[in-house]
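Note on naming: letters A, B, ... go to the chains in the order of the sequence lines (proteins, then strands), and numbering restarts at 1 for each one.
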Number of protein chains: 2
Amino acid sequence: MNDSVLTPERILAAAEDVLRRYGPGKATVVDVAQALGVSHGSVYRHFASKAALRDAVLRGWLERMMAPLRAIAASRTAPPARLRQWLATLRAIKRDKALGEPELFTTYGALAANAREVIGEHVEHLREQIASIVAAGVASGDFRKVDARATALAIFDATSRFHYPGMAHLWGMPGEDAAFAQLVDLLLAGLAPTSAPGKRRKPVA
Amino acid sequence: MNDSVLTPERILAAAEDVLRRYGPGKATVVDVAQALGVSHGSVYRHFASKAALRDAVLRGWLERMMAPLRAIAASRTAPPARLRQWLATLRAIKRDKALGEPELFTTYGALAANAREVIGEHVEHLREQIASIVAAGVASGDFRKVDARATALAIFDATSRFHYPGMAHLWGMPGEDAAFAQLVDLLLAGLAPTSAPGKRRKPVA
DNA sequence: TGAATGACAGATTTCAATATCTGTCATTCA
DNA sequence: TGAATGACAGATATTGAAATCTGTCATTCA
């Protein structure tokens with residue numbers, strides 16, 4: 001396993017693997033070093049601390065997991081449908097991880113618990129994406145004239161119930177789909193222009 | 001301390017006290033019995049198990065804590081203002097407990113974690129109160145014609161961010177008040193009648 | 001006679017001794 | 001010379017034996 005130069009990337013990959021196999025409570029820096037065939041001291045040449053290493057792993061995971069969202073936010077779908085799709089996708093991503101790979105989900109949840117910084121950035125990115133969709137909707141006349149950033153925060157908060165990991169225990173219950181749809185309907189109604197529903201570019205369901 | 005007959009009420013009061021003093025992890029049935037000056041076997045004559053006792057304590061606590069909400073839900077304030085006030089009060093109650101008596105809040109949080117049944121009922125009551133306000137608003141014409149029960153659930157879900165104990169760690173942050181106001185505004189906008197902004201008291205159709 | 005007791009078994013928790021881990025750094029290696 | 005090592009100190013986690021707790025029930029008490 002030591003057939004190549006030791007890089008942060010290789011360490012990251014090994015850390016991810018170790019973390020996946022042992023879980024966040026058991027994975028040690030020594031384990032990671034062992035997987036790479038080096039001494040644990042070498043790992044500290046590339047990462048200042050175990051926390052830094054875990055943060056980097058978490059960051060990469062979030063990055064990969066959220067890629068589909070960036071695509072949707074940047075798409076040209078009409079803003080109401082785009083927002084709906086974006087929110088549904090965010091929910092689906094989290095839900096699939098939580099229900100499909102529970103232990104992995106728990107692992108990353110544990111990482112996240114001690115990485116406020118990383119989570120803060122992550123949430124900020126998501127908010128920006130929502131804000132961009134809202135802004136597009138305001139510009140197109142599909143939405144009322146709202147403050148895009150503040151409204152984005154409200155939308156993010158309002159949907160916490162369906163994406164905040166601490167509420168994952170509810171995601172498998174019956175009626176979740178209907179509840180989510182109902183909530184999104186209410187939010188979109190709240191964004192709709194107040195008076196005449198006239199100037200939309202693309203009629204939506 | 002054994003100057004009276006042993007009743008479930010006295011046990012409950014003692015249990016509450018012990019729980020408050022020792023915390024949920026340390027409080028034992030023996031402690032409760034000791035506080036009452038009886039043997040712990042006697043406690044089991046009135047409560048089938050420690051879990052049942054804890055459930056009863058939790059139930060009483062929730063009951064007392066949520067009393068103001070019942071009053072608001074039953075008031076004659078115009079439905080939009082009533083809903084706003086109800087939501088603000090729910091938030092305030094939780095927030096005050098969480099920030100003002102953190103350890104007690106944690107204690108009850110721990111109780112709640114193992115009392116799905118009790119929590120389920122509690123949530124159901126809250127939902128019913130929201131539904132009654134929404135129904136009143138629909139009847140008065142202040143709200144769109146929505147399904148009161150489903151919408152109540154959506155409103156409850158949408159505001160989880162501000163009342164679900166698992167998110168208490170956010171409640172002290174700056175900007176929380178604004179974020180809450182923004183969210184409630186959005187929800188009320190979503191409930192407003194589509195055409196004219198309803199102000200009428202009770203015209204009905 | 002019905003409420004209260006307390007000894008008991010099995011489950012759970014505590015605690016301190018032991019082992020492991022993190023992060024550093026003087027030294028080695030190529 | 002710069003990357004890698006591994007011994008080390010202090011912090012953290014593990015472990016298993018001892019203590020405590022839950023829930024039961026035959027017996028006592030009033």
[X] [atom1] to [N] [atom2]: how many Å, rounded?
{"X": "B:Asp31", "N": "C:dT12", "atom1": "CG", "atom2": "C1'", "value": "15 Å"}
{"X": "B:Leu53", "N": "D:dT22", "atom1": "CG", "atom2": "P", "value": "10 Å"}
{"X": "A:Arg54", "N": "C:dC21", "atom1": "CZ", "atom2": "P", "value": "15 Å"}
{"X": "A:Gln34", "N": "C:dT20", "atom1": "CD", "atom2": "P", "value": "12 Å"}
{"X": "A:Phe47", "N": "C:dT22", "atom1": "CZ", "atom2": "P", "value": "15 Å"}
{"X": "B:Leu6", "N": "C:dT5", "atom1": "CG", "atom2": "C1'", "value": "13 Å"}
{"X": "A:Ile11", "N": "C:dG23", "atom1": "CD1", "atom2": "P", "value": "14 Å"}
{"X": "B:Tyr44", "N": "D:dG23", "atom1": "OH", "atom2": "P", "value": "4 Å"}

**Prompt:** Is a donor on one side and an acceptor on the other found under 3.5 Å between the side chain of A:Lys94 and the backbone of A:His163?
**Reply:**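 Flag set: sc A:Lys94 to bb A:His163 pair under 3.5 Å.
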**Asked** Taking N and O atoms by type only, does the side chain of A:His40 place a donor or acceptor under 3.5 Å from a partner on the base of D:dG6?
**Response**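 It does not, because no donor-acceptor pair links the side chain of A:His40 to the base of D:dG6 below 3.5 Å.
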Pairing of [X] and [Y] as salt bridge, 4.0 angstrom limit:
{"X": "B:Asp185", "Y": "B:Arg84", "answer": "yes"}
{"X": "A:Glu101", "Y": "A:Arg95", "answer": "no"}
{"X": "B:Arg21", "Y": "B:Asp17", "answer": "yes"}
{"X": "B:Arg59", "Y": "B:Glu121", "answer": "yes"}
{"X": "B:Asp177", "Y": "B:Arg91", "answer": "yes"}

**Item:** A:Arg45 vs A:Val29, nearer the 5' end of DNA chain C by closest nucleotide
**Value:**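 Final value for this comparison: A:Val29.
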**Difference in axis direction between the ends of the helix from C:dT1-D:dA30 to C:dA30-D:dT1, five pairs, 10°** =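 It comes to 10° between the two terminal axes.
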**Asked** Where each residue is assigned the nucleotide of DNA chain D containing its nearest heavy atom, which of A:Ser39 and A:Gly25 is assigned the position nearer the 5′ end?
**Response**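 Whichever sits nearer the 5' end wins; that is A:Ser39.
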**Prompt:** Closer to the 5' end of DNA chain D via nearest nucleotide, is it B:Gly41 or A:His46?
**Reply:**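 By nearest-heavy-atom nucleotide position, the 5'-most residue is A:His46.
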**Message:** Over all strands shown, is A:Ser42 touching base, sugar-phosphate only, or nothing at heavy-atom distances under 4.0 angstrom?
**Reply:**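 Since a base atom lies under 4.0 Å of A:Ser42, the category is base.
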**Which nucleotide in D:dG23, D:dT22, C:dT14 has an atom nearest any side-chain atom of B:Ser49** =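 Within the option list, the nearest is D:dG23.
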**Message:** Starting the side chain at C-beta, find the nucleotide from D:dT22, C:dT5, D:dT14 nearest to A:Lys26.
**Reply:**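 The listed nucleotide nearest to A:Lys26's side chain is D:dT14.
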**Request:** Can you see which heavy atom on A:Ala148 is nearest to which on A:Ala131, and at what distance?
**Result:**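 Here A:Ala148 and A:Ala131 meet closest at CB-O, 3.8 Å.
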